[in-house]
**Student:** 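Before I ask anything, here is the structure I am working with.
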Amino acid sequence: MAEIETLFTRAKLADGSLNDIGVAGGRIVAIAPTGALADAALQVDIAGALLVPAFVEGHIHLDTSFYGDKWIPHKPCTNGFDVHERVAFQAENMASAAPMGERARKQLELCVSNGSLQMRSHVMVDGSVGLKSLETILGIREEYCDVIDIQLVAFPQSGILKSPGTADLLDEAVALGADLVGGLDPASFDRDIDGHLDVVFGVAEKRGVGVDIHLHDFGSLGAFTVEEICARTVALGLQGKVAISHAYGLGDLDADTARRIGAKIAAAGVSIMTNAPGDHVFPPVALLRAEGVTVFAGNDNIRDSWWPYGDGDMLARAMMIGYRSGFYTDEELTAAFDVVTSAGAKALGLEGYGIAIGARADFVTLAAEHVPEAVVAVPKGRRVFKAGRVVAENGALVR
């Protein structure tokens, strides 16, 4: 065992036991009942608080949030939810917003202060903005690399086929530093499922990266697109490297059909992201998990052109997912917590995640007796540790 550099004492783990945790080189090197480990030069008293792995923010948009900027009133669509119209509203709002770097920093610090130390952000890359947004967010990622790990998705917000030059830009974005290639409603936005997916999976295959596709389409159209994505994933051997974000259509299906498609999603190793939006159906979390699907979560939009809500708190998101899913038992509440922690880590392919020897010392303290209480109470006053070093406390960054 490596010599302990920092000893975290009296930490309550998920099983209710009090333990001391030894950290060296940014990783957990020892876990033992309180008092069983030798003293270390640096000690941090957890004082009986619940200690859990840092939250995984699996889907967010650092480039388009107005958090910390002037208040921008929400503009409703003229005739029901329409992605094309929302994209147009976003372009209008972005033109008068504060500089992207300022807004991204504020949103990032909000997320870290709430306990998210792993993140996947989608960043606009299309004919309307080129690579400018990605270049800005790549700089922000480097600036905050000591407090949070960030995956970036090259996201064609204006479509691929409808936005000339976007196919080449997505390829260039990955070469520049994006970790995954994204997509947007292949059928309803670009109106060409095969053409859209040819580009997305073509870039993924060429560059050896994963895929994360926005899919807002409802009903049978959305379900059919899910199946097409699964087929592409298997054909290219990308199991475990593909995610579908939102997948509203899975919430429109009868239970038997949802189970059938859920089994196909699980077999393809495709993950499903949901933020349990208030005015849409969303994937049936319990049903999909029962079929073996990795379901993870994200805050998605925070105070932007899509909706005015969002607090950057993945524990609150777990509560919302549980509330909207009708989760009441301790087992169900623990499942909601898993969606924003371990399942998110699996979907993002994170190494060394969790409270275990050898894992990264990225964790959060919560004023709760156990995980189910934490999900329903969403306690604040958290301490957030990255690589065994405090990076946020009581809602503010410590650097």
Side-chain angles (χ1 to χ4, degrees), residues 59 61 64 75-92 94 122-130 133 153-174 180-206 210-236 238 242-253 257 261 264-265 268 270 272-274 277 279-283 300-301 305-306:
H59 185 114
H61 295 261
T64 57
K75 188 175 182 180
C77 292
T78 55
N79 187 28
F81 177 72
D82 182 270
V83 174
H84 292 79
E85 196 169 21
R86 293 249 62 88
V87 171
F89 293 160
Q90 177 172 283
E92 293 173 10
M94 292 282 286
H122 297 252
V123 182
M124 284 181 64
V125 172
D126 54 36
S128 68
V129 299
S133 296
V153 184
F155 173 46
Q157 177 74 85
S158 300
I160 297 176
L161 308 180
K162 285 190 173 182
S163 181
T166 296
D168 290 336
L169 285 168
L170 291 174
D171 183 59
E172 292 176 35
V174 176
L180 301 96
V181 59
L184 172 69
D185 299 335
S188 64
F189 203 99
D190 270 343
R191 304 189 71 80
D192 185 345
I193 293 179
D194 286 339
H196 189 102
L197 295 182
D198 282 347
V199 173
V200 172
F201 281 90
V203 173
E205 184 179 25
K206 174 184 176 181
V211 170
D212 194 329
I213 298 179
H214 281 63
L215 182 59
H216 305 97
D217 294 334
F218 297 99
S220 58
L221 180 60
F224 176 75
T225 306
V226 167
E227 293 184 287
E228 289 294 295
I229 293 170
C230 289
R232 298 264 184 155
T233 300
V234 173
L236 293 177
L238 289 175
V242 175
I244 302 174
S245 290
H246 303 307
Y248 295 153
L250 296 177
D252 272 338
L253 307 175
T257 303
I261 296 180
K264 188 172 292 187
I265 295 169
V270 171
I272 300 294
M273 191 293 303
T274 186
D279 60 342
H280 303 314
V281 293
F282 64 100
D300 191 17
N301 308 101
S305 303
W306 295 70

**Student:** What closest approach, in Å, do Val199 and Ala167 show between heavy atoms, and which atom pair accounts for it?
**Tutor:** CG1-CB, 3.8 Å
**Student:** Does Leu238 offer a backbone N or O that forms a donor-acceptor pair with the side chain of Thr233 under 3.5 Å?
**Tutor:** no
**Student:** List the atom of Ile160, the atom of Asp190, and the distance in Å for their closest heavy-atom pair.
**Tutor:**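 Between these two residues, the closest heavy atoms are N-OD2, 2.8 Å.
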**Student:** Which atom names give the shortest non-hydrogen contact between Met124 and Val129, and what distance separates them?
**Tutor:**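 The pair with the smallest heavy-atom distance is O-CG2, 3.6 Å.
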**Student:** Considering non-hydrogen atoms only, spot the tightest contact between Phe282 and Pro277 and give its length.
**Tutor:** CB-CD, 4.0 Å
**Student:** Are the side chain of Ser245 and the backbone of Met273 linked by a donor-acceptor contact shorter than 3.5 Å?
**Tutor:**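 Flag not set: sc Ser245 to bb Met273 has no pair under 3.5 Å.
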**Student:** Indicate the atoms forming the closest heavy-atom contact of Ile272 with Pro283, along with that distance.
**Tutor:** CG2-CG, 3.8 Å
**Student:** With heavy-atom distances below 4.5 Å as the criterion, would you say the side chains of Leu215 and Asp185 are in contact?
**Tutor:**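 In short, these two side chains touch, coming nearer than 4.5 Å.
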**Student:** Look up atom CD1 in Ile213 and atom CD1 in Ile244, then write down how far apart they are to the nearest 0.5 Å.
**Tutor:**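 The distance works out to 6.5 Å.
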**Student:** For residues Thr166 and Ser158, determine if any side-chain heavy atom of one lies less than 4.5 Å from a side-chain heavy atom of the other.
**Tutor:**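 In short, these two side chains do not touch, never coming nearer than 4.5 Å.
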**Student:** Once you round to the nearest 0.5 Å, how far does CG of Leu221 lie from CD1 of Ile193?
**Tutor:** 6.0 Å
**Student:** Is it true that a side-chain atom of Asp126 and a backbone atom of Ser128 form a donor plus acceptor pair closer than 3.5 Å?
**Tutor:** yes
**Student:** Could you give the distance from NZ (Lys206) to CG (Asp171), rounded to the nearest 0.5 Å?
**Tutor:**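 Between atom NZ of Lys206 and atom CG of Asp171 there are 3.5 Å.
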**Student:** Side-chain contact, heavy-atom cut-off 4.5 Å: Cys230 with Val234?
**Tutor:**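 No - every pair of side-chain heavy atoms lies 4.5 Å or more apart.
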**Student:** Name the one of Leu236, Val211, Val181 that satisfies side-chain contact (heavy atoms from CB on, under 4.5 Å) with Glu205?
**Tutor:** Leu236
**Student:** Is the distance between the ring centroids of Phe189 and His196 under 6.0 Å?
**Tutor:** no
**Student:** Considering non-hydrogen atoms only, spot the tightest contact between Ala187 and Asp217 and give its length.
**Tutor:** CB-OD2, 4.0 Å
**Student:** Between Leu250 and Ile265, is the side-chain contact (heavy atoms from CB on, under 4.5 Å) condition met? List the steps.
**Tutor:** CA-CA 11 Å; Leu250 296 177; Ile265 295 169; 3.9 Å; yes
**Student:** With side-chain contact (heavy atoms from CB on, under 4.5 Å) as the criterion, how do Leu184 and His216 come out once you've worked through the C-alpha distance, each side chain's angles and the decisive distance to 0.1 Å?
**Tutor:** CA-CA 8 Å; Leu184 172 69; His216 305 97; 3.6 Å; yes
**Student:** Check whether the ring centres of His59 and His246 lie less than 6.0 Å apart, and answer yes or no.
**Tutor:**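 Yes, they do, as the ring centres are separated by less than 6.0 Å.
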**Student:** Compare all side-chain heavy atoms of Phe201 with those of Val242 and state whether any distance is below 4.5 angstrom.
**Tutor:** yes
**Student:** Which of parallel (below 30°), tilted (30 to 60°) and perpendicular (above 60°) describes Phe218 and Tyr248?
**Tutor:** parallel
**Student:** Between Asp194 and Arg232, does any side-chain N to carboxylate O distance fall below 4.0 Å?
**Tutor:**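 Yes.
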